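Single-structure report; data block below.
For clarity, every value in this text was computed on a predicted model and none was experimentally measured. Note that these values count all heavy atoms, side chains included, but never hydrogens, waters or copies made by symmetry. First the proteins, then the strands, lettered A, B, ... as listed; each starts at 1.
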Amino acid sequence: EAAVNNEAGDKVEYAQGITEDTIKIGTIAVQSGVLSFIGTPYVAGMESYFNMINENGGVNGRKIELLKKDDEFKPDKAVAAVESLIYDDEVFAIVGQLGTPGVVAAQDIVKEKGIPSVYFGSGAVSLTKAGENFFPVQPNYVYEGKLMSKYAFEEFKADKVVVMYQNDDVGRDGLEGFKDGLKELDKSSMLPSEGEIAFGASDTDFTVQIQKAKEQDPDLIIIYGLGGATSGILKGMEGLGVNKPMLTTYSNADASFLKMASKGAPNVIENLNVMGWLEVNGESLKPLNEAMKKYYPDVPVNAYTMAGWVAGETFVAGVKKAGDNLTWDGYIKAMNNLKFTEGLAPEISYEPGVRQGVTKMAVSKVVKNNGQYEFKVKTAFKEFE
Amino acid sequence: MSILKVKDLSISFGGLKAVDKLSFEVKENSIYGLIGPNGAGKTTVFNCISRFYTPDEGKINFHPRDNKEYNLLDLKVYEVISKGLVRTFQNVELVKHLSILDNLLIGMHTTTKGGIISQGLKLLNVRKEEKRIRKKAMEVIEFLGLKGLENQLAGSQPYGIQKLVELGRTLVSEPKLIILDEPAAGMNSNETETLSKLIKRIRDEFNITILLVEHDMGLVMNICEEICVINFGKKIAQGTPSEIQNNPAVQEAYLGKGEVSC
Amino acid sequence: MNILKNKPIQYILLGLIIAITPFIFNFQRGTLTMFNTVIIYSIVAIGFNILLGYAGQISLGHAAFMGLGAYISGYLTNMGIPFILSILIAGVIPMIIGLILGLVALRLEGHYLAIATLGFGVTIQQIFKEWTSFTNGYSGMRGQPASIFGFSFRSRESFFVLAIVILVLLSIFAYNLLKSKTGRALIAMRDSEHAAQAMGISLLKYKLIAFSISAFYAGIAGSLYIHLIRFIEPNQWGVELSLNLLAMVVIGGLASIEGSIIGAFFLTVIPDILKEIPMLGEIRNLSTILTGVSLILVIMFLPLGIARINIQIKEKLNNKNTKKTALNQ
Amino acid sequence: MNMFFQSIMAGLETGSLYALAALGLVLIFRTSDVINFAQGEMAMFSAFIAFKLFDGMKLPYPLAFLGAIVFAILFGFIVERVFIRPASKASLVSKMIITLGLIMIVGGLANALFGIDSHYFRKAIVADNMNIKGVVIQPNAIFIIAITFFIMAGLFYMINKTKMGIAIRATAQDENTAKMMGIPVSKVYSMSWIIATILGAIAGILIAPTTNVSTAMMGEVHLKSFIAAVLGGFGSFYGPVVGGLIIGVLDNLVGMYISLTWKTVIVYGLLILTLIIKPTGIFGKTHRKKV
Amino acid sequence: MLKLKDVSAFYGYIHALKNISIEVKEGTIVTLLGANGAGKTSTLKTISGMLKPKKGTIEFQGRDISKKRPEDIVSLGIVQSPEGRQVFPELTVLENLKVGAYTRKDKNIKNTLIKIYDYFPILKERKNQMAGTLSGGEQQMLAIGRALMAKPKLLLLDEPSLGLAPLIVNNIFKIIEEIKKEGTTILLVEQNAYKALAIADYAYILETGKVVLQGNAKELKSDSKVKSAYLGG
Ligand SMILES: Nc1ncnc2c1ncn2[C@@H]1O[C@H](COP(=O)(O)OP(=O)(O)OP(=O)(O)O)[C@@H](O)[C@H]1O
Ligand SMILES: Nc1ncnc2c1ncn2[C@@H]1O[C@H](COP(=O)(O)OP(=O)(O)OP(=O)(O)O)[C@@H](O)[C@H]1O
Ligand SMILES: [Mg+2]
Ligand SMILES: [Mg+2]
């Protein structure tokens with residue numbers, strides 16, 4: 001049996017999934033069906049990162065072995081997959097489980113076992129209070145919404161805003177956060193109740209919503225929705241000739257979204273601003289782009305790929321910090337002392353009981369550069385205080 | 001004593017008057033024939049009586065027992081059988097995927113007792129009922145000479161047998177009146193003769209009144225005591241077989257002259 | 001030996017054997033969770049088969065009933081009402097709502113019924129999303145482990161026993177019901193509405209019965225689901241699940257209780273097995289493609305369902321011409 | 001008032017898309033009694049072909065369009081031959097399951113072949129918007145509405161007035177007897193699947209600018225096209241078109257004046273209500289069944 | 001014109017035709033008689049290609065047609081009026097008749113239609129009615145009319161008198177004789193054996209899938225054994 005000495009010099013056994021030269025971890029993401037457009041690049045990003053690490057000798061001499069499960073975005077399959085990983089495959093940690101339904105469904109099992117679970121491909125708020133062994137990274141939607149209110153006020157100097165929100169967990173959380181933020185800033189009047197405009201994630205016609213938004217004559221339009229619907233709204237704005245500054249969620253802060261959305265809305269796209277929690281200048285993305293080109297040349301590099309990559313970075317940062325103390329306690333302790341700034345995210349850190357994930361975000365704006373559209377960071381990374 | 005009284009029955013489809021102020025009465029315990037050219041409205045009359053259609057006008061009264069009389073137009077299709085009136089169809093309508101026995105059991109649907117829960121739990125009363133109705137169905141199967149075939153699928157039987165099963169299905173419900181739509185269609189003369197005898201026996205042994213539509217004049221003239229002839233939905237004649245055969249109007253509209261062979 | 005020919009006894013024995021396998025063999029925990037869901041889907045499928053296979057009524061909105069059962073049971077147990085009571089209520093309320101669909105079915109046939117029920121399913125799903133005070137909306141509802149008289153069915157093995165007991169009871173109930181008056185009436189209605197009516201079978205009554213029984217089964221299954229997985233959210237109860245349920249009974253065998261269970265097994269397990277084939281797993285989405293292929297192959301080669309594999313193979317061997325007769329039966 | 005007309009205009013455009021998608025569905029239903037759940041998936045695949053020809057091989061738009069049509073001919077033919085015909089004796093629900101399997105196969109293949117990204121695909125007509133008293137009218141929208149009506153009329157003519165049309169309907173009602181009357185039934189089936197696939201391709205290509213080209217592009221449109229067909233009635237070709245337009249417009253009006261969050265419930269509720277009042281759809285004829 | 005040699009056919013396990021040999025000469029009426037389930041319909045079905053013979057050959061005008069598809073057989077000029085009518089219920093009467101003429105390429109379809117309306121005036125009256133709502137007898141007339149629309153060389157009639165009023169039955173037999181005169185060959189299956197034998201030239205009697213008796217129609221008609229066994233004495 002593999003064992004280590006802890007600080008006090010006692011023999012402590014390694015946790016499950018750890019051998020002298022490997023660390024076995026598991027991830028769960030949708031990889032088949034219509035939603036595979038989320039899970040496939042995500043897992044590819046994560047795996048590219050681990051491949052890169054392994055190729056460079058692994059972490060402290062240990063190679064990372066990633067087990068992938070497909071839960072089809074369904075809670076029951078996610079539960080079965082998490083159980084398999086924990087109990088049957090005996091992985092050391094769950095890394096980057098994707099999809100709110102599965103993440104929330106598996107929460108109890110993960111908590112009960114106490115296994116570290118690092119990074120969630122989900123903006124669900126409940127993760128911030130899930131427990132000591134949960135390490136959410138990407139900002140949750142409520143928090144992002146809150147931060148948007150600050151930016152709306154400080155950056156866009158808006159007196160009146162409209163929030164067009166996707167009528168599901170994503171958009172509703174965002175709206176809720178935005179309203180919370182306004183309340184804390186004492187600016188609730190900025191968003192009249194007619195300014196809360198819902199749309200469906202799979203809607204194809206946004207005319208009504210856009211007209212309602214336009215009618216309010218706002219200074220800023222917040223679009224809280226994922227790529228498909230957001231690009232649809234932009235197209236609608238283009239068609240109806242609505243020209244207002246817009247701000248959308250970090251989920252849309254990637255080049256492939258921009259490429260798709262700009263073609264349908266070349267005139268209004270430059271009104272678009274996005275929230276961002278990653279430093280995505282060319283330099284910081286280089287390792288990712290190279291690794292993807294090497295291991296997954298046919299998978300797009302987009303926000304999902306980056307998310308997967310950050311999941312890998314965060315987990316490995318914890319392992320490095322834990323050194324050879326690869327017990328669950330050891331790992332969790334190490335994570336609690338982590339201040340990781342070398343990755344795509346500007347800063348990831350946890351203290352005991354603080355599980356907010358990334359809290360610093362910046363606003364980027366779409367600009368035209370040599371006929372190409374790209375994001376240009378416009379503010380510093382700020383927190384909601 | 002009339003068991004069935006049809007009075008001023010009318011129904012039209014679009015512009016077409018399929019039945020036009022038709023009246024006739026069927027005496028208890030008789031075999032009554034309703035004949036007429038193709039498209040005269042016979043099946044439509046049957047459909048009104050059995051409540052598949054609702055007539056535009058008219059009355060249909062059913063008088064199965066001395067002190068009971070029903071206005072059939074007050075009833076829904078599925079309520080008719082429990083009053084003692086049951087039919088067969090021009091194109092055989094059996095439950096093809098069930099056995100002959102099960103088809104007969106369906107004929108006893110309204111008299112079979114037992115709620116859903118007791119059926120699901122197979123309580124004692126349900127078991128007793130099943131025994132009772134199976135016994136009864138087997139008696140009828142024997143009467144029809146179908147013994148040995150009871151577990152065969154109804155749908156895979158030759159046409160003739162299917163017609164018998166349909167007849168049997170009416171018998172198990174212990175009706176007072178059976179209405180038959182072209183029972184002999186598709187049968188050859190031997191088979192038709194056997195059928196004639198069977199229909200007579202049903203009337204005689206079970207005291208059931210029979211009202212039938214048929215184009216086989218052999219059968220009609222042979223077993224019917226009274227005949228009503230309709231054309232374009234209207235009655236053109238009524239009477240005993242010999243009266244009908246010699247009625248010139250009927251000959252012209254329906255029989256053809258001197259053509260009745262039997 | 002005769003007693004073994006009795007279906008209910010067969011169900012009990014088979015249930016017993018399956019229920020104890022996890023205690024004898026060491027199943028993986030994830031696998032056992034999957035088997036638990038198979039049992040749950042079997043229950044819905046049996047109910048659905050009563051509707052489709054026996055009564056000949058289609059529904060493309062059945063997932064809604066399962067979801068309804070799940071939400072009701074979750075809500076009640078979260079309020080502290082005992083599991084036993086809440087599973088019953090979770091069956092009964094969908095049953096009552098099933099009556100509404102029965103009324104719709106009375107007026108609609110075939111494809112129209114299919115789409116109307118699909119619309120019903122989507123509407124109910126939408127209500128799950130919007131009625132947050134009851135369902136907690138998109139955030140989803142958490143569930144408690146099932147517990148009876150203080151015994152908590154937390155472990156996968158004990159839940160398996162519970163689920164199988166319920167499955168066996170409901171199978172026997174369905175079997176008895178279908179072998180008596182109600183079953184015959186449903187089949188008569190399916191094969192010939194005219195004959196059925198003439199024989200005194202009220203289409204209204206039996207359509208209502210068929211829809212409400214199948215909704216009851218779906219509700220019970222939904223209740224089990226939330227106490228097994230302990231989390232549900234509105235997106236689960238959509239068209240995809242309804243179509244899967246349809247596929248289960250058709251693939252397994254229409255008008256066959258065993259077929260319903262086999263179909264549930266097939267549609268739950270086959271996609272996962274296909275994913276596990278290591279060589280194929282790397283090719284993107286191959287498992288989806290192969291699942292589709294397997295569905296089609298079953299329909300083509302076993303049109304009467306997997307449950308009737310023996311008679312179909314026998315007929316195939318005997319004569320090439322049999323396809324027609326097989327389907328006529 | 002502008003908002004009202006603008007909502008109606010947009011509703012008509014989206015409604016035409018639903019209608020266009022529904023026409024293929026109805027054609028297959030009327031010829032072979034199959035509800036083709038995979039119609040949307042097949043349309044998506046054809047739209048991808050057009051996109052790849054246009055974006056990847058840099059063909060001019062009309063040629064790319066044409067290429068996709070040619071592909072659809074082949075595609076429809078193969079699907080009918082390989083998947084539908086061998087199961088021609090299967091029951092109605094079995095056929096539904098086959099098309100369900102087809103969704104997985106076509107969707108899976110598209111995913112494997114074309115990748116998982118969404119792409120913008122240009123409109124058929126690129127021209128400046130017209131502005132009539134504050135209501136914006138897009139030329140492309142007019143084009144889509146016109147195409148829909150044109151196809152509807154063509155199908156109506158073919159089915160009701162031509163020899164082929166009668167043969168198609170006869171085959172749908174009774175395949176065996178149709179054969180006995182000398183109708184080349186297999187040709188009829190191939191033909192109708194081919195035409196339906198072409199219609200799907202046209203729908204897909206015209207919808208693409210709205211939904212983007214992706215494996216999920218047809219999801220909502222496909223579902224709505226079903227509803228359109230049922231609402232208007234499967235029995236005719238104008239029924240689904242009117243049904244599609246009603247849904248498109250109603251969706252917007254309910255969203256505009258009642259509730260954006262409850263609009264789905266309201267629209268589906270109305271659908272169910274309509275069906276209860278008029279079970280065969282708005283234009284469906286009810287035949288009194290002959291006993 | 002048509003020759004069946006040792007034809008055997010099955011429905012699943014059921015051996016419906018057992019080594020049947022039948023010949024139909026050009027320009028004649030041949031009738032097939034026999035009890036329920038004897039195999040008459042099955043014989044017609046094998047000829048029209050709906051039932052594939054397991055054994056034996058079917059020659060039409062010297063060509064083997066036993067492996068041809070039904071639709072191709074129709075194109076050769078063999079058309080059937082099937083048992084149980086099988087009209088297309090949701091086509092109108094006129095459309096049903098048009099389907100009958102599907103394989104025809106000549107311009108005289110109109111004339112045939114006029115003639116059929118002449119045979120069955122009721123069909124003309126009802127030409128825009130859905131066939132499914134016709135009465136039983138009207139459907140039967142439509143089925144016969146539809147087959148005649150094809151102007152076949154060989155007409156297969158399966159119980160054409162089923163469900164028809166006596167007057168029309170007589171008519172039908174007259175019509176059959178008339179079309180024979182016009183040069184159509186007819187293979188007739190009938191329950192009304194007397195009438196069938198009266199107009200037929202040759203007859204076969206089937207029993208449980210076998211030909212048990214054949215001969216000149218007039219002779220069979222007066223044969224006392226035939227009378228008692230098949231014609232109901
Ligand atoms: N649902 C309907 N719609 C339109 N016309 C109908 C309908 N039902 C019956 N008819 C017409 O009404 C007339 C009477 O039909 P019915 O079936 O009663 O005739 P019948 O006397 O039974 O004839 P047959 O002896 O040929 O069976 C027919 O001309 C038929 O075409
Ligand atoms: N589709 C079928 N499936 C199975 N068996 C069949 C089928 N059709 C006919 N048979 C059987 O084949 C045998 C011959 O039937 P066929 O229909 O040829 O008889 P027929 O002489 O035309 O009788 P009828 O006078 O009743 O029309 C019968 O035993 C019948 O039960
Ligand atoms: Mg009639
Ligand atoms: Mg026959």
Chain B contact via E:Leu164 - side chain, backbone, both or neither, heavy atoms under 4.5 Å:
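It is both, since atoms from each part get that close.
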### Query
Given a strict heavy-atom distance threshold of 4.5 Å, which part of E:Glu138 is in contact with chain B: side chain, backbone, both, or neither?
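Contact with chain B: backbone and side chain both.
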>> Taking atom NZ as the centre, does B:Lys234 end up with more than 12 heavy-atom neighbours from other residues, nucleotides or ligands that are less than 6.0 angstrom away?
In response: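 Open.
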- Inspect the surroundings of NZ in E:Lys218 and state if more than 12 heavy atoms from other residues, nucleotides or ligands are less than 6.0 Å away.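 Atom NZ in E:Lys218 is packed in, count exceeds 12.
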Practice prompt. Could you check whether the rings of B:Phe24 and B:Tyr32 sit parallel, tilted or perpendicular, using 30° and 60° as the cut-offs?
Written response: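 Taking B:Tyr32 first and then B:Phe24, their aromatic rings lie parallel (interplane angle under 30°).
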Q | Whether B:Tyr254 and B:His215 hold their rings parallel, tilted or perpendicular, with breakpoints at 30° and 60° | A |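 Because their plane-to-plane angle lies in the 30° to 60° range, the rings of B:Tyr254 and B:His215 count as tilted.
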Exercise for the section: Have a look at E:Leu134 and tell me which of E:Ile122, E:Leu142, E:Val87 forms a side chain to side chain contact (heavy atoms under 4.5 Å, CB included) with it. Expected result: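 In the set E:Ile122, E:Leu142, E:Val87, the residue that makes a side chain to side chain contact (heavy atoms under 4.5 Å, CB included) with E:Leu134 is E:Leu142.
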#### Entry: Choice from B:Pro158, B:Gly160, B:Ala253, B:Gly39 maximising heavy atom contacts with chain E below 4.5 Å
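Highest number of pairs under 4.5 Å: B:Gly39.
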Could you look at B:Ala40 and say if it's the side chain, the backbone, both or neither that has a heavy atom under 4.5 Å from chain E?
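It is neither, since no heavy atom gets under 4.5 Å.
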Side chain, backbone, both or neither: which part of B:Leu16 has a heavy atom under 4.5 Å from chain E?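 Interface part for B:Leu16: side chain.
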